[in-house]
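Read the structure below first, then the notes.
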Amino acid sequence: MAIGGDAAGLVVVGDGAGDDNIILNPEFDDGLDNWAGNGCKIELHDALDDGKVLPANGKYFVAATGRTDTWNGVQQDVTARMQRKLLYEATATVRLHAAAGGGAVAPCEVRATLGVQTADGRQQYLGVGKSQVSDKEWVQLQGKILLNSTVAKASIYIEGPPAGVDVLLDSLVVKHAQKAPPAPAPDFEKLEYGANIIQNSNLDDGLNGWFPLGPCTLSVHDGGPRVLPPMAQESLALDDEPLNGKHIHVTNRTQTWMGPAQIITDKLTLYATYQVSAWVRVGAQAGGAPQNINVAVAVDSQWLNGGQVLARDERWYEVGGAFRVEDKPATRVMVYVQGPDAGVDLMVAGLQVFPVDRKARVKHLRRLTDKVRKRDVVVKVTGADSGAVKQDAGGVEVRVRQVSNSFPLGSCIMRTNMDNEDFVDFFTKNFNWAVFGNELKWYWTEPQRGQVNYGDADDLLRLCSDHGMCVRGHCIFWEVDNAVQQWVKTLSADDLSAAVKSRLTGLLTRYKGKFRHYDVNNEMLHGSFYQDKLGKDIRATMFKTAAELDPDALLFVNDYNVESMCDIRATPEAYIQQIIGLQEQGAPVGGVGLQGHVSNPVGPVIRSVLDRLAVLGLPIWFTEVDVSSANEHVRADDLEVMLREAYAHPAVEGVMLWGFWELFMSRDDAHLVDAEGQVNETGRRLLQLKHEWLTHAHGHADDNGEFRFRGHHGEYHVDVTTPTGKISQTFTVDKDDAPLVLNIKV
């Protein structure tokens, strides 16, 4: 099967679509034939260390020795055998070994990487798989590869350990990945939506069903709230069923994890999304120190976050969140409330854990959408004398078709994706905004001091411009320490200040007017590198300088976990406080970015956060949305929740997906399109929503020559047919409360 492009000098790619291993001599039966060292030597062995290290599979293994850098290792050229746009799965059996004269070897990460030289001379390095490896045993490293580009050369190699450590390779298999049939949609027919699975939640039967986790003491008291928490009310529509005022009081807590608990193993339905809601409070022992309170779900040895809140005083606080179990637990599932410091009393009232009826909420969201995203339109057909057209037999027929919805819906794209025309086709047909995955970040454009390269960003920007797409600039700086390149970390305060100024000037001068938004300093709720080095004013200075350099760009804060109520560092209140603090320092904050890397989204929780942030009066964007589930039907439901909640909220002005193509997502089981271009159920759900959010109308003008409809904002085409002829026209429905009157003379 041939690949696209027939440039002179390219190696013709062979048929790699079968089940055969494309690696030649995979277990070294023919010695070192077809193998080479990538910057190092390779040696063939049948044993090492007096027989303590033996082959795992065949008769031999290879050692990469004399390694002077992390990228050195065993490699094989696969240019003629790897087919473009075909998904491969790779399995390498690897181990570490001390170099001659070396000491003990610490476990470290070993990676399989595909090095590619494209037809136009660009060098790309595609991660295939990685695993923690030691010198004690052989480890299987597994992963997948998709080659987007037409290549002049492609080699797969094993790398990763520090210089001086030998890497052993026992075997390497690279085959075309077989597609597993998609799992069916979960059966929720017997699921009782809204039913609380917590036994004796209202404590009418004392502590029956409850037990203390750890040697703490539980008791029942009056004085608790008498209404359900608001997020539960919105899901359950039970505001007419008050709580009875009883609560559990937990004393003698000697560890943070101690609190009230219940076993819910037999009450869970796999793949169902459960909303969590409760009132919680801490005792006077906290002394005013903020206390983390968390509803936790222990699934065997795995911990799931059911919601978190930061209690700053002795009031009752609402805690809300959600969780889902996708694998049958081996032993038990336990829900418990924990978090405050040892010695601090904990109080819990009205704990609710119930499966969410997402379809019921869709009806509610459609009503909200009709108010927020539509406008009344009057098509007024008049004659040449401006009077109503005479209604002869058949009348005046009006046919309206919406061509595009103006709501910004975009996706992340990376430079390597440009080489896959199938990716580009889906991207340009289904999105109207773009954001670059890495190519604008400082560590990408200047990985070494003074070595600035905007080539990848330029290429992506050109693609978006050619297709009329708006682009977000992500990001100028990134406040989290591990996202800062090493050379920046070594700078003195004066040199760092100069480098920050140079970065701002270089980026925003080069691209002035090209990016509609900028995320100025990414994830300031979760990191403080620049603030720690340059002082508390640096963040506001970044905003002010950016605004001076590119006044037309809207400048955003951008952070994660805010929308999920699962992170006490990133509460809506903390975000609001940060934004107001920046504004008080003169920072022209123009928008609020919610990344949207969510798990098990629940509508009322998402909307509660949006409502709180909306008080700022700034546009809210979901900037990096992805959802993850092994079942693509559940994943589709998750994505629909996020998109519908965003589209139905008046403060949200755009949504960006953090990718859609398999292998080019930041999370596993998050894609909408598989690696070979097949749209899955999640992708189909996106397309269905896009279709639903287009308005089509057809009918006849009334006696006054008017045809009325209510339509989504966006671009339209109208055909008006009268007894004397037909007129076609395009028009735009913008956001406005007043009806749009479209006058058409015939």
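Listed for the Asn200 side chain is no donor-acceptor partner under 3.5 Å among the backbone atoms of Trp210. A distance-only check finds no donor-acceptor pair linking the side chain of Asn292 to the backbone of Gly339 [under 3.5 Å]. Judged by distance alone, the side chain of Asp370 and the main-chain N or O of Arg366 form no donor-acceptor pair under 3.5 Å.
Glu640 places none of its side-chain heavy atoms less than 4.5 Å from the side chain of Gln688. Counting heavy atoms from C-beta outward, Leu87 and Ile145 have side chains that stay 4.5 Å or more apart. The shortest distance between side-chain heavy atoms of Leu610 and Ile620 falls below 4.5 Å. In this structure, Arg472 and Trp433 have side chains that are in contact, with non-hydrogen atoms separated by less than 4.5 Å. Looking at heavy atoms from C-beta onward, Leu639 lies in side-chain contact with Leu643 at the 4.5 angstrom threshold. Counting heavy atoms from C-beta on, the side chains of Val348 and Trp279 never come closer than 4.5 Å. You'll find the side chain of Ile413 reaches within 4.5 Å of the side chain of Phe423, heavy atoms only. The closest side-chain heavy-atom distance from Val220 to Leu207 is below 4.5 Å.
For Lys267, the NZ atom is densely surrounded, since the number of other residues' heavy atoms within 6.0 Å is greater than 12. Shown here is Asp668, whose CG atom has no more than 12 heavy atoms of other residues, nucleotides or ligands within 6.0 Å. Heavy atoms of other residues, nucleotides or ligands lying less than 6.0 angstrom from NZ of Lys179 number more than 12. No more than 12 heavy atoms of other residues, nucleotides or ligands sit less than 6.0 Å from atom CD of Glu192.
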Practice problem: Kindly determine whether Phe664 and His671 satisfy side chain to side chain contact (heavy atoms under 4.5 Å, CB included), including the steps that lead there. | Solution: CA-CA 8 Å; Phe664 297 95; His671 57 280; over 6 Å; no
Exercise. Evaluate the criterion side chain to side chain contact (heavy atoms under 4.5 Å, CB included) for residue pair Arg612 and Ser608; output intermediate values, then yes/no.
Key: CA-CA 6 Å; Arg612 297 182 204 189; Ser608 173; 3.3 Å; yes
Practice problem: Test Asp674 against Trp661 for side chain to side chain contact (heavy atoms under 4.5 Å, CB included), laying out the working first. | Solution: CA-CA 6 Å; Asp674 76 18; Trp661 201 273; over 6 Å; no
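Asp300 and Thr331 form a side-chain donor-acceptor contact under 3.5 Å, judged by distance and modelled atom types alone. A donor-acceptor contact closer than 3.5 angstrom is absent between the side chains of Asp669 and Ser628. Using modelled atom types and a 3.5 Å distance limit, the side chains of Ser599 and Arg667 yield a donor-acceptor pair. Between the side chains of Asn294 and Gln308, no donor-acceptor pair of N or O atoms lies under 3.5 Å. A side-chain N or O of Glu523 and one of Gln595 form a donor-acceptor pair less than 3.5 Å apart. Under the 3.5 Å distance criterion, with hydrogens and angles disregarded, no donor-acceptor pair is assigned to the side chains of Arg332 and Thr265. Between the side chains of Gln402 and His696, no donor-acceptor pair of N or O atoms lies under 3.5 Å. For His649 and Asp611, the side-chain atoms include at least one donor-acceptor pair closer than 3.5 Å. Side chains of Asn432 and Ser404: no donor on one and acceptor on the other come within 3.5 Å. Side-chain contact annotation: Glu326 with Ser629, donor-acceptor N/O pair under 3.5 Å present. Using modelled atom types, one finds a donor on one side chain and an acceptor on the other under 3.5 Å when comparing Asp204 with Asn244. Judged purely by distance below 3.5 Å, without hydrogens or angles, the side chains of Tyr647 and His712 pair a donor atom with an acceptor atom. No donor-acceptor contact under 3.5 angstrom links the side chains of Gln275 and Asn600, judged on distance only.
Contact check on Arg253 versus Asp345 returns no salt bridge, with no Lys/Arg side-chain nitrogen under 4.0 Å from an Asp/Glu carboxylate oxygen. Using a 4.0 Å cut-off between a side-chain N of Lys or Arg and a carboxylate O of Asp or Glu, Lys175 and Glu89 do not qualify as a salt bridge.
Looking at Arg373, Arg685, Arg644 one by one, the single match for salt bridge (charged side-chain N to carboxylate O under 4.0 Å, His left out) with Glu692 turns out to be Arg644. Between His474 and the choices Phe556, Trp621, Trp658, the ring-ring contact (aromatic ring centres under 6.0 Å, His included) rule is met once, by Trp658.
Ring centroid separation for the pair Tyr271 and Phe188 does not come in under the 6.0 Å cut-off. The aromatic ring centres of Tyr560 and His526 sit less than 6.0 Å apart. For Tyr193 and Phe354, the ring centers sit 6.0 Å or farther from each other.
Taking both residues in full, the closest heavy atoms of Gln338 and Ala296 are given as NE2-CB, 3.8 Å, listed atom of the first, atom of the second, then distance. Scanning all heavy atoms of the two residues, the minimum distance from Val598 to Ser564 falls at CG1-OG, 3.6 Å.
By the side-chain hydrogen bond (donor to acceptor under 3.5 Å, both in side chains) test, Asp737 pairs with no residue at all, sequence neighbours left out.
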